[in-house]
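To start, the structure itself, in structure tokens.
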Amino acid sequence: MPEIPFTKVQSVGNDFVLVRLEDLEPEQLPTLAIAAADRRTSIGSDGLLALGKNGDCLILRMFNTDGSEDFCGNGIRCAALYAFKHGMIGRKATVCHHGETVRVEVGENGQVTSHFDPPDYNPSVVPTSLDRELFFEELEVSGEKLVMSSISTGSTHTVILTDKLPEDGEFFRLGPAIEH
């Protein structure tokens, strides 16, 4: 892969490698996300942000460390501040990201406010294999009973009620089971 200009950005603890869409072919993005994310042999990040512009809309694509494309609120904030600092947008703008249109405002201090649709528990957008909303419900996952809720804020989040944080082994065992 040729040399690609990038910027390292972060928001609320998530860090990303940000590239310009004009510098890459779309099919390169998943592979680049995987390569750039490796913290031992590469830049290291929680994902790849690819940024462009189409008319009045700032175009954002976000790729996870496994190369899958997703929605990311922290990525929107990073992209908006970068775009503002580089003259791509004014203080108020629209970000088109993963099928969503998000209004953003960049404050005098560089703080970015983003305006999202309300969270949604609907199983058609979460998604879940259940035929109902998953809201503070007890389910058996990998032999353990867990009380959980799943919600979409553009990407799915699952919250598990617990008295203590899980050990790493438990987290890495239950995480994929909950995801699938």
Side-chain angles (χ1 to χ4, degrees), residues 1-89 93-104 112 114-117 119-120 122-129 134 141-142 150-159 168 171-180:
M1 195 171 283
E3 287 189 17
I4 300 165
F6 73 91
T7 301
K8 185 83 179 270
V9 295
Q10 76 85 26
S11 174
V12 195
N14 282 135
D15 64 328
F16 304 96
V17 173
L18 186 144
V19 297
R20 300 286 293 266
L21 282 167
E22 63 207 33
D23 294 330
L24 294 151
E25 296 298 323
E27 61 272 4
Q28 292 177 293
L29 295 170
T31 303
L32 180 60
I34 294 166
D38 192 316
R39 295 189 188 276
R40 290 173 290 144
T41 61
S42 190
I43 304 161
S45 69
D46 294 325
L48 176 74
L49 302 177
L51 185 62
K53 192 140 191 249
N54 186 359
D56 289 337
C57 201
L58 193 62
I59 304 299
L60 177 64
R61 296 182 68 188
M62 183 274 181
F63 293 83
N64 293 306
T65 58
D66 64 1
S68 61
E69 191 166 3
D70 207 349
F71 182 90
C72 182
N74 286 337
I76 288 172
R77 286 184 280 282
C78 289
L81 185 58
Y82 174 94
F84 174 75
K85 287 183 173 182
H86 289 84
M88 295 173 72
I89 61 170
T94 301
V95 180
C96 298
H97 176 48
H98 204 63
E100 302 287 330
T101 302
V102 179
R103 290 179 302 108
V104 295
V112 177
S114 41
H115 303 274
F116 297 100
D117 288 337
D120 196 342
N122 188 320
S124 67
V125 297
V126 167
T128 176
S129 58
L134 185 56
V141 177
S142 292
S150 288
I151 188 169
S152 176
T153 59
S155 62
T156 300
H157 294 75
T158 296
V159 177
D168 285 352
F171 178 83
F172 289 114
R173 179 176 58 78
L174 291 175
I178 293 167
E179 182 179 4
H180 297 287

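Keep in mind the model is a prediction, meaning the values are calculated, not measured.
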Does the pair Phe6 and Leu32 meet the rule for a side-chain contact (heavy atoms from CB on, under 4.5 Å), with working shown? CA-CA 11 Å; Phe6 73 91; Leu32 180 60; over 6 Å; no
Count the heavy atoms of every other residue, nucleotide or ligand shown that sit under 6.0 Å from NZ of Lys85, and state whether that count exceeds 12. no
Checking [X] side chain against [Y] main chain: does a donor-acceptor pair fall under 3.5 Å?
X	Y	answer
His115	Arg103	no
Ser42	Gly44	no
Asp46	Asp15	yes
His98	Cys72	no

Look up atom [atom1] in [X] and atom [atom2] in [Y], then write down how far apart they are to the nearest 0.5 Å.
X	Y	atom1	atom2	value
Leu51	Ile59	CG	CD1	9.0 Å
Asn74	Met62	CG	CE	9.5 Å
Tyr82	Leu58	OH	CG	10.5 Å
His86	Thr7	NE2	OG1	5.5 Å
Leu48	Asn64	CG	CG	10.0 Å
Cys96	Ile76	SG	CD1	10.0 Å

Test side-chain contact (heavy atoms from CB on, under 4.5 Å) on Asp117 and Glu100; report intermediate values, then the result. CA-CA 9 Å; Asp117 288 337; Glu100 302 287 330; 3.6 Å; yes
Which atoms form the tightest heavy-atom contact between [X] and [Y], and what is the distance?
X	Y	answer
Gly52	Leu21	N-CD1, 3.6 Å
Leu60	Ala79	CD1-CB, 3.9 Å
Ile34	Gly67	CG1-N, 3.6 Å
Ala80	Val112	CB-CG1, 3.9 Å
Phe116	Ser114	CE1-OG, 3.1 Å
Gln10	Gly13	OE1-N, 3.2 Å

His97 versus Val102: any side-chain heavy-atom pair under 4.5 Å? no
Chi angles and distances behind the side-chain contact (heavy atoms from CB on, under 4.5 Å) call for Val141, Leu174: CA-CA 7 Å; Val141 177; Leu174 291 175; 4.1 Å; yes
Would Val125 and Ser152 count as a side-chain contact (heavy atoms from CB on, under 4.5 Å) here? Give the steps. CA-CA 7 Å; Val125 297; Ser152 176; 4.3 Å; yes
Among Val19, Leu49, Leu29, find the residue that satisfies the side-chain contact (heavy atoms from CB on, under 4.5 Å) test when tested with Arg61.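 Of all the options given, the one that passes is Leu29.
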